[in-house]
Asks: 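Below is one structure. I have some questions about it.
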Amino acid sequence: MIDPKRLNHAEDLLDELNRRGDCTAVVEKAHAAYHNWKSALQAFETLKADQNAATPKRKPTDVEKNRLAELSDAVKTAKRFVDDAEQAYRTALLYVPNIPDPKIPTGADASGNTVFRTPSRPVPEFAFEPQTHDSILERLNWIDTTRTARINGSRFVTYCGLGARLKRALIQFMLDHNTHAGYHELSPPVLVNRTSLTGTGQLPKFDADLFHCTDTDYWLSPTAEVQLTNYYQGELIAEASLPIKLTGYTPCFRKEAGSYGRDTKGLIRLHQFDKVELVQLVKPETSDAALLELLNTACGILDALELPYQVVTLCSGDLGFSASKTYDIEVWLPAQNTYRELSSCSLFTDFQARRANIRYRGDSNTFVHTINGSGLAIDRTIAAIIENYQLADGSVSIPKCLDRYMSV
RNA sequence: GGAGAGGUACCCAAGUGGCUAUAAGGGGACGGUUUGCUAAACCGUUAGUGGUCGCAAGGCCAGCGAGGGUUCGAAUCCCUCCCUCUCCGCCA
């Protein structure tokens with residue numbers, strides 16, 4: 001949520017927001033609803049002050065009672081107006097995206113993204129035609145999509161034998177890496193409530209992407225960002241405990257509605273996947289540096305795995321709804337002959353903190369800035385390892401840093 | 001899932017329809033007096049916050065788990081929900 005006071009200068013706000021694409025409609029709606037609420041509030045508060053002044057300390061006489069009853073009716077009517085107006089204004093505000101960082105490039109879509117860090121190492125050269133990760137994994141019996149399709153349908157995977165061990169090893173390795181970088185490990189539930197999803201910005205706008213339990217208001221979390229960021233929901237944090245750095249492994253669930261036909265094979269786009277997440281809650285003045293630190297932690301995992309990657313800065317038009325600045329880490333996939341997103345590291349400024357009401361006790365009580373990124377997506381990392389580490393004889397080797405996690 | 005008990009400030013807790021919650025009383029914390037130094041004793045401080053109006057000083061409104069309702073008036077009565085605790089059932 002943006003600072004509602006910015007609606008007082010809606011033209012300036014629009015100048016900044018329209019770098020994403022046309023936001024006029026949502027801003028004008030929020031702007032109108034905001035002023036409607038304020039005038040309703042002022043009318044109510046005046047009446048309420050009258051009522052408070054007129055209410056006697058003892059039982060009122062019948063004459064007084066008539067006048068008090070009138071006042072009471074007027075207050076109730078005014079209150080109803082305020083409540084409706086407030087509901088409308090808050091809802092409208094939930095649909096206004098975050099303000100893009102002034103320093104990021106302006107662009108309409110992914111073609112406007114710029115390279116922030118050039119490839120970390122040369123891409124591997126193969127003396128043979130590199131195979132796709134799914135064909136290799138299937139042949140090695142490290143995954144079984146045929147049986148999984150019977151149990152779950154498409155966009156699910158079962159890891160088998162060494163494949164399952166590799167997944168477990170990667171989770172372990174990444175969590176160790178992140179805790180060594182100073183992140184506190186949490187292992188949260190994967191069912192979350194509506195309030196938390198609203199706090200981090202998935203709801204109300206993006207409910208079509210989420211799995212929702214039909215008989216309760218529980219949702220399957222699409223990313224541990226939800227659980228880790230909302231861990232401090234509603235809290236007033238002591239200044240001395242900032243920055244808070246959290247990491248956690250969870251399964252993640254996404255409907256992937258609207259991506260029919262895209263990445264149907266392999267591990268790139270699944271309804272359920274595994275991810276190790278990095279989250280930071282920081283003081284506003286340190287958030288730019290903290291984003292880079294978090295990015296470096298995520299990149300450090302790929303360095304250790306010796307996988308080639310590049311980092312791009314998302315342009316204004318490609319930015320997610322809640323983010324003000326995002327760096328995508330893209331790993332090289334030889335069979336696709338391209339870099340694919342493996343982690344998205346974003347600064348949300350106070351946008352999520354306002355929605356989730358996370359503040360810290362400083363000179364005044366201020367909203368923290370939130371930052372998160374994958375560190376890393378497990379299944380896509382497996383895809384990258386398999387494709388980059390494949391050998392001429394059809395087998396694959398395993399990154400050296402995983403040896404101690406893969407041994408029996 | 002069933003039966004019961006709770007949720008008031010940093011913690012415990014009194015308040016059960018009107019006397020603006022300066023929220024009684026403890027505890028803890030902090031400051032002071034006293035002291036060679038500690039402890040004790042005594043004195044004091046410990047409501048913070050959100051919103052709104054205002055250049056400001058300051059005014060006003062809302063806050064007793066959350067949301068509704070009853071009432072001229074609700075921490076207090078009623079309803080729904082959340083959470084904690086005890087017992088039973090079920091289960092990993």
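All heavy atoms count here, side chains included; hydrogens, waters and symmetry mates do not. Naming convention: chains lettered A, B, ... in sequence-line order (proteins, then strands); numbering from 1 in each chain.
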Asks: What distance, rounded to whole Å, do you find between the two P atoms, one in B/rA62 and one in B/rG1?
Replies: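 Nearest-Å result for B/rA62 against B/rG1 at atom P: 38 Å.
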Asks: Any side-chain N or O of A/Gln42 less than 4.0 Å from the OP1 or OP2 oxygen of B/rC53?
Replies: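 Checking A/Gln42 against B/rC53: at least one side-chain N or O falls below 4.0 Å of OP1 or OP2.
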Asks: Closest-nucleotide mapping onto RNA chain B: is A/Thr46 or A/Tyr89 further toward the 5' terminus? I mean the 5' end.
Replies: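 Mapping each residue to its closest nucleotide by heavy atoms, the 5'-most match is A/Tyr89.
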Asks: Do we see a donor-acceptor contact under 3.5 Å between the side chains of A/Trp142 and A/Asp144?
Replies: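 There is no such pair between these side chains.
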Asks: Using both distances under 3.5 Å as the test, list the Watson-Crick or G-U wobble partner of B/rU34, or none.
Replies: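 The answer is none; no pair meets the criterion.
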Asks: According to the Watson-Crick and G-U wobble definitions, with both distances under 3.5 Å, which nucleotide is paired to B/rU80?
Replies: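 B/rA66 is the nucleotide pairing with B/rU80.
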Asks: For the side chain of A/Arg340 and the backbone of A/Arg380, is there at least one donor-acceptor N/O pair under 3.5 Å apart?
Replies: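 Not a single qualifying donor-acceptor pair exists.
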Asks: More than 12 heavy atoms of other residues, nucleotides or ligands under 6.0 Å from CZ of A/Arg139: yes or no?
Replies: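 Count over threshold, so yes.
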Asks: Please give the nucleotide sitting opposite B/rG4 as a Watson-Crick or G-U wobble pair, both distances under 3.5 Å, or none.
Replies: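 In the structure as shown, B/rG4 has B/rC85 as its Watson-Crick or wobble partner.
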Asks: Could you give the distance separating B/rG27 and B/rU86 at their P atoms, to the nearest angstrom?
Replies: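 To the nearest whole Å, 28 Å.
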Asks: Nearest whole angstrom, please: distance from the C1' of B/rU71 to the CG of A/Asp73.
Replies: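 That distance rounds to 12 Å.
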Asks: Only pairs with both distances under 3.5 Å count, Watson-Crick or wobble alike; so what is the partner of B/rA23 in this structure?
Replies: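 None - no nucleotide pairs with B/rA23, as no candidate has both distances under 3.5 Å.
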Asks: So, is A/Tyr34 near the phosphate of B/rU52, with a side-chain N or O under 4.0 Å from OP1 or OP2?
Replies: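 Yes.
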Asks: Can you tell me how far C1' in B/rC60 sits from the matching atom in B/rG54, rounded to whole Å?
Replies: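 Rounded to whole Å, the distance is 11 Å.
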Asks: Taking atom P in both B/rA66 and B/rC83, what distance in whole Å separates the two?
Replies: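 B/rA66 and B/rC83 have their P atoms separated by 15 Å.
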Asks: For A/Leu71 and B/rC72, what is the distance between atoms CG and P respectively, to the nearest whole Å?
Replies: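 Answer to the nearest Å: 13 Å.
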Asks: In whole Å, what is the span from the CG atom of A/Leu47 to the C1' atom of B/rA62?
Replies: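 In whole Å, B/rA62 C1' lies 15 Å from A/Leu47 CG.
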Asks: Any idea which of B/rC72, B/rU52, B/rC61 is nearest the A/Ala49 side chain?
Replies: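 The nucleotide sitting nearest to the side chain is B/rC61.
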Asks: Sticking with atom C1', work out how far B/rC77 lies from B/rU70, rounded to a whole angstrom.
Replies: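 After rounding to an integer number of Å, I get 8 Å for this pair.
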Asks: Hunt down the Watson-Crick or G-U wobble partner of B/rG17, both distances under 3.5 Å, from any strand shown, or write none.
Replies: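 Across all strands, not a single nucleotide pairs with B/rG17.
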Asks: Assess whether a salt bridge exists between A/Arg80 and A/Asp84, defined as any Lys/Arg side-chain N lying under 4.0 Å from an Asp/Glu carboxylate O.
Replies: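 Looking at A/Arg80 and A/Asp84, the cut-off is not met.
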Asks: Can you tell which of B/rC60, B/rA62, B/rC72 lies closest to the side chain of A/Asn52?
Replies: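 Within the option list, the nearest is B/rA62.
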Asks: Of all the nucleotides listed (B/rC72, B/rA62, B/rU52), which has the minimum atom distance to the side chain of A/Lys65?
Replies: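 Looking only at side-chain atoms, A/Lys65 lies closest to B/rC72.
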Asks: Paired with B/rA9 by Watson-Crick or G-U wobble geometry, both distances under 3.5 Å: which nucleotide is it?
Replies: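 Its partner: none found.
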Asks: Send over the distance from A/Lys79 NZ to B/rG73 C1', rounded to a whole Å.
Replies: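 In whole Å, B/rG73 C1' and A/Lys79 NZ are 16 Å from each other.
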Asks: Can you tell me the Watson-Crick or wobble partner of B/rU45, both distances under 3.5 angstrom?
Replies: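 Pair assignment: B/rU45 / B/rA29.
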Asks: Quickly work out the A/Lys38 NZ to B/rA62 C1' distance and round it to whole Å.
Replies: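 Value for this atom pair: 17 Å.
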Asks: Could you tell me how far apart A/Asn357 (CG) and B/rU49 (C1') are, to the nearest whole angstrom?
Replies: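 Those two atoms, CG and C1', are 10 Å apart.
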Asks: So if I take every side-chain heavy atom of A/Lys48 and compare against B/rU52, B/rG73, B/rC61, which nucleotide ends up nearest?
Replies: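 Nearest nucleotide to the side chain: B/rC61.
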Asks: Taking the P atom of each, how far is B/rU45 from B/rG50, in whole Å?
Replies: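 My reading of the P atoms in B/rU45 and B/rG50 gives 24 Å.
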Asks: If the C1' atom of B/rC12 is compared with that of B/rA23, how far apart are they to the nearest Å?
Replies: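 Result for the C1' pair: 15 Å, nearest Å.
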Asks: Could you check whether the side chain of A/Glu45 and the base of B/rG51 have a donor-acceptor pair of N or O atoms closer than 3.5 Å, going by distance alone?
Replies: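 Yes, the side chain and the base share a sub-3.5 Å donor-acceptor pair.
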Asks: For the ring pair A/Phe253 and A/Phe211, is the centre-to-centre distance below 6.0 Å?
Replies: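 Centroid distance A/Phe253-A/Phe211: not below 6.0 Å, so no.
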Asks: Which comes earlier along RNA chain B counting from the 5' end, the contact point of A/Arg90 or that of A/Ala69, where each point is its nearest nucleotide?
Replies: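 Per heavy-atom nearest nucleotide, the more 5' residue is A/Arg90.
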Asks: Write down the distance between NZ (A/Lys76) and P (B/rG73), rounded to a whole number of angstrom.
Replies: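 Taking NZ of A/Lys76 and P of B/rG73, I get 5 Å after rounding.
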Asks: Could you report the tightest heavy-atom contact between A/Thr200 and A/Ser322, atom names first, then the distance?
Replies: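 What the structure gives for the nearest pair is O-OG, 3.4 Å.
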Asks: With syn defined as a glycosidic angle within 90° of 0 and anti as everything else, classify B/rG63.
Replies: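 That one's syn.
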Asks: At under 4.0 Å, does any side-chain N or O of A/Ser72 touch on OP1 or OP2 of B/rG73?
Replies: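 Indeed, a polar side-chain atom of A/Ser72 lies that close.
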Asks: When the P atoms of B/rG6 and B/rG65 are compared, how many Å lie between them, rounded to an integer?
Replies: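 Approximately 13 Å lies between the P atom of B/rG65 and that of B/rG6.
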Asks: What's the closest nucleotide to the side chain of A/Leu68 if the choices are B/rC72, B/rU49, B/rC60?
Replies: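 Among B/rC72, B/rU49, B/rC60, the one nearest the side chain of A/Leu68 is B/rC72.
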Asks: Over all heavy atoms of both residues, which pair between A/Val226 and A/Asn230 is shortest? Give the atoms and the distance, please.
Replies: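 Shortest heavy-atom separation between A/Val226 and A/Asn230 comes out as O-ND2, 2.8 Å.
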Asks: Using the rule side chain to side chain contact (heavy atoms under 4.5 Å, CB included), only one of A/Leu47, A/Asn52, A/Asp50 pairs with A/Val75; which is it?
Replies: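 Going through the options one by one, the only one that passes is A/Leu47.
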Asks: Can you tell me how far P of B/rG50 sits from CZ of A/Arg359, to the nearest Å?
Replies: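 For the pair A/Arg359 CZ and B/rG50 P, the rounded distance is 5 Å.
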